[in-house]
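Read the numbers this way: they start at 1 and go in the same order the structure lists the ligands and their atoms. Given the structure is predicted, the values throughout are model-derived calculations rather than measurements.
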Amino acid sequence: MSDKFDVVVIGAGPGGYVAAIRAAQLGLKTACVERYKGKEGKVALGGTCLNVGCIPSKALLDSSYKYHEAHEGFKVHGIDAPNVTIDVPTMIGRKDQIVKNLTGGVATLFKANGVTLLEGNGKLLSGKKVEVTGLDGNVQVVEAENVILASGSRPIDIPPAPVDQKVIVDSTGALEFQSVPKRLGVIGAGVIGLELGSVWARLGAEVTVLEALDKFLVAADEQVSKEAYKILSKQGLNIRMGARVTGSQVNGEEVTVNYTEAGEEKQITFDRLIVAVGRRPVTTDLLASDSGVESDERGYIYVDDHCATSVPGVFAIGDCVRGLMLAHKASEEGVMVAERIAGHKAQMNYDLVPSVIYTHPEIAWVGKTEQALKAEGVEVNVGTFPFAVSGRALAANDTAGFVKVVADAKTDRVLGVHVVGPSAAELVQQGAIAMEFGTSAEDLGMMVFSHPTLSEALHEAALAVNGHAIHAVNRKKR
Ligand code: FAD
Ligand code: AMP
């Protein structure tokens, strides 16, 4: 038995590393256990998000968008770029460098804040002890007043398409292609499937997305999901709804996929196949059989609204617990738990966790959809504003989509902001800030927005809730 810590965090993803830094800032003696080895064979902090998730996918989305714009978007501005080529290994190398900088940055923050890094596999034993098996096999046990489990998630595997990381890859493998596949299949039209499909489609791959459900983006507002489906299909993504993959055979450098669509058995052959059917928590081997922490049959650790588990002093956050599998949700839970351990009364507002899909245009929302509110019996007023009439969007030649504001018909309080369009993620964040302060559509409408900005579309959509939009014809006149 060696050190005793106030807080030991298992996992250094956006949940765990943020919790560790905040705990250390609050004067708690803190350690964080991490086992993940990066490309250089050394422990790399930052979890899924920094190493193989949010950041590398956005790096490739940004690179591929620039290429796509040079090919398709420049002409309208009178710019002729006839010899634009893509060097995929350079693009992947740039992505790797960003990952290296950011994961190294977390290590620097640990040092600066006095967080002790314990390299190796962490396991929660009974009595808030944590066994750490180092990468060299050495085992040490550390004691903690409080333990935060932040072990994250990994891609779900499905038997019909076993991942070999060569021809059939998961999201991690899809960030490593060294050339553009001619025919690319994607199983799953969720966030990850659409983002990774977009990267390779922009670089010239013929992309087919097979999705078992009949309805596209079920969590999004229906008006948004319909528009997004139209826009993405027009871009060339062949999104087949109601297409359930039932089997696959790899033959050398290609894979033939069997699927059922409208009751018919079908086959299609690809050069690469990305399996993006969701993620599941990483909790096997995390908990000793007598740890006392309970999880459900899928491995999600049971927690209350403050992320406390069934064992006093043991908390769990991020992708390994209920709720949206998003980095910012994990981080805010980390802050909440660290602050509660330090005796503060921190809370998290789960109703206002924004969701974003980083396609182009982006798709983002916060709060409730019009359909969910109506199903709950809430009477709503809705205002929308299309980017097609936004001066800023026209100037940028980026006019697809709209902003939609949903407000309570009785109180005018904004209950949801839904955007498909340029910079949707940033616009929705403005909605989230406004909603956190309980704003009404009228309040938003009374604010001064800079001209010309994309944000004016949010302003106009808020005005449209009460029939006062200036730059669009109002559905209702008031
Ligand atoms: P993770 O980030 O999964 O971190 C958990 C860490 O714990 C890992 O480093 C793991 O090695 C470590 N660990 C696990 N068990 C142990 C153990 N026993 N001992 C030691 N260490 C252990 N979210 C967004 O919000 N925005 C996005 O744009 C976005 N894009 C994504 C794109 C892709 C391709 C993917 C795959 C995910 C994306 N996500 C995005 C989701 C996001 O990455 C996760 O929600 C987030 O990383 C969850 O954070 P976490 O800290 O809970 O877990
Ligand atoms: P998400 O959970 O948002 O990452 O999305 C994953 C998607 O994959 C879901 O919409 C599932 O319906 C879809 N999916 C899961 N299994 C299959 C399958 N066998 N064939 C096609 N789509 C699938």
Looking just at side-chain N and O atoms, do [X] and [Y] make a donor-acceptor pair shorter than 3.5 Å?
X	Y	result
R22	Q25	yes
S153	D319	yes
Q249	N258	yes
E370	H418	no
T256	T269	yes

Ion pair present between [X] and [Y], side-chain N to carboxylate O less than 4.0 angstrom?
X	Y	result
E376	K368	yes
E206	K182	yes
K58	E195	yes
D96	K39	yes
E176	K95	yes
E227	K230	yes
D271	R183	yes
E261	R244	no

Any atoms of ligand 1 less than 4.0 Å from a non-hydrogen atom of [X]? List them with their elements.
X	answer
G318	52 (O)
A330	49 (O), 52 (O)
S57	32 (C)
L326	23 (N), 24 (C), 25 (O), 45 (O)
G47	2 (O), 4 (O), 8 (C), 9 (O)
A150	5 (C), 6 (C), 7 (O)
L286	18 (N)
C49	2 (O), 43 (O), 47 (O)

May I ask you to check if K266 and Y259 form a cation-pi contact, with NZ or CZ under 6.0 angstrom from the six-membered ring centre and within 45° of the axis?
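No - K266 does not lie over the ring of Y259 by the 6.0 Å and 45° rule.
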My understanding is that we take every heavy atom of each candidate and find the minimum distance to [atom]. Doing that for [options], which one comes out nearest?
atom	options	result
atom 17 (C) of ligand 1	V43, V33, I10	I10
atom 2 (O) of ligand 1	T103, T48, V18	T48
atom 35 (C) of ligand 1	S151, A327, G53	G53

Side chain or backbone of [X] under 4.0 Å from ligand 1, or both, or neither, by non-hydrogen atoms?
X	answer
N121	both
C54	both
Y358	side chain
S153	backbone
S171	side chain
V52	backbone

Any heavy atom of [X] sitting closer than 4.0 Å to ligand 1?
X	answer
K58	yes
V356	no
A174	no
R279	yes

What I want to know is whether G46 and ligand 1 share at least one N or O pair that is separated by under 3.5 angstrom.
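In fact, backbone or side chain, G46 has no N or O that close.
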Decide whether an N or O pair under 3.5 Å exists between L175 and ligand 1.
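N/O-N/O distance under 3.5 Å: no.
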Can you tell me which residue and heavy atom of the protein come closest to [atom], and the distance to 0.1 Å?
atom	value
atom 8 (C) of ligand 1	E34 OE1, 3.5 Å
atom 20 (C) of ligand 1	G120 O, 3.4 Å
atom 44 (C) of ligand 1	D319 OD2, 3.2 Å
atom 19 (N) of ligand 1	G122 N, 2.8 Å
atom 41 (C) of ligand 1	M325 O, 3.7 Å
atom 4 (O) of ligand 1	G13 CA, 3.4 Å
atom 53 (O) of ligand 1	G152 CA, 3.1 Å
atom 22 (C) of ligand 1	R35 NE, 3.8 Å

Value rounded to 0.5 Å, distance of OG1 in T453 from CD in Q430
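The CD atom of Q430 is 8.0 Å from OG1 of T453, to the nearest 0.5 Å.
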With a 4.0 angstrom cut-off on heavy atoms, strictly below it, pick out the residues next to ligand 2 and order them by chain and number.
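Residues within 4.0 Å of ligand 2: I158, I187, G188, G190, V191, L210, E211, A212, L213, A243, R244, V245, A276, V277, G278.
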Tell me which pairs pass ring-ring contact (aromatic ring centres under 6.0 Å, His included) where either residue lies in residues 169-210, with sequence neighbours left out.
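ring-ring contact (aromatic ring centres under 6.0 Å, His included) check on residues 169-210 returns F177-W200.
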More than 12 heavy atoms of other residues, nucleotides or ligands under 6.0 Å from CD of E253: is that the case?
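Atom CD in E253 is not crowded, with 12 or fewer foreign heavy atoms closer than 6.0 Å.
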On a heavy-atom basis, which atom in V337 and which in C307 lie closest, and how many Å separate them?
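Taking V337 first and C307 second, the nearest heavy atoms are CG2-CB, 3.5 Å.
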Please assess K42 against E119 for the test salt bridge (Lys or Arg N to Asp or Glu O under 4.0 Å), listing each intermediate value before the final yes or no.
CA-CA 10 Å; K42 293 192 205 131; E119 294 187 351; over 6 Å; no
Could you point out which residue of V52, V275, V169, D170 forms a side chain to side chain contact (heavy atoms under 4.5 Å, CB included) with P155?
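By the side chain to side chain contact (heavy atoms under 4.5 Å, CB included) criterion, P155 pairs with just one of V52, V275, V169, D170: D170.
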Side chain to side chain donor-acceptor pair (under 3.5 Å) between E332 and N349: does it pass, once the steps are laid out?
CA-CA 9 Å; E332 288 314 310; N349 186 353; over 6 Å; no
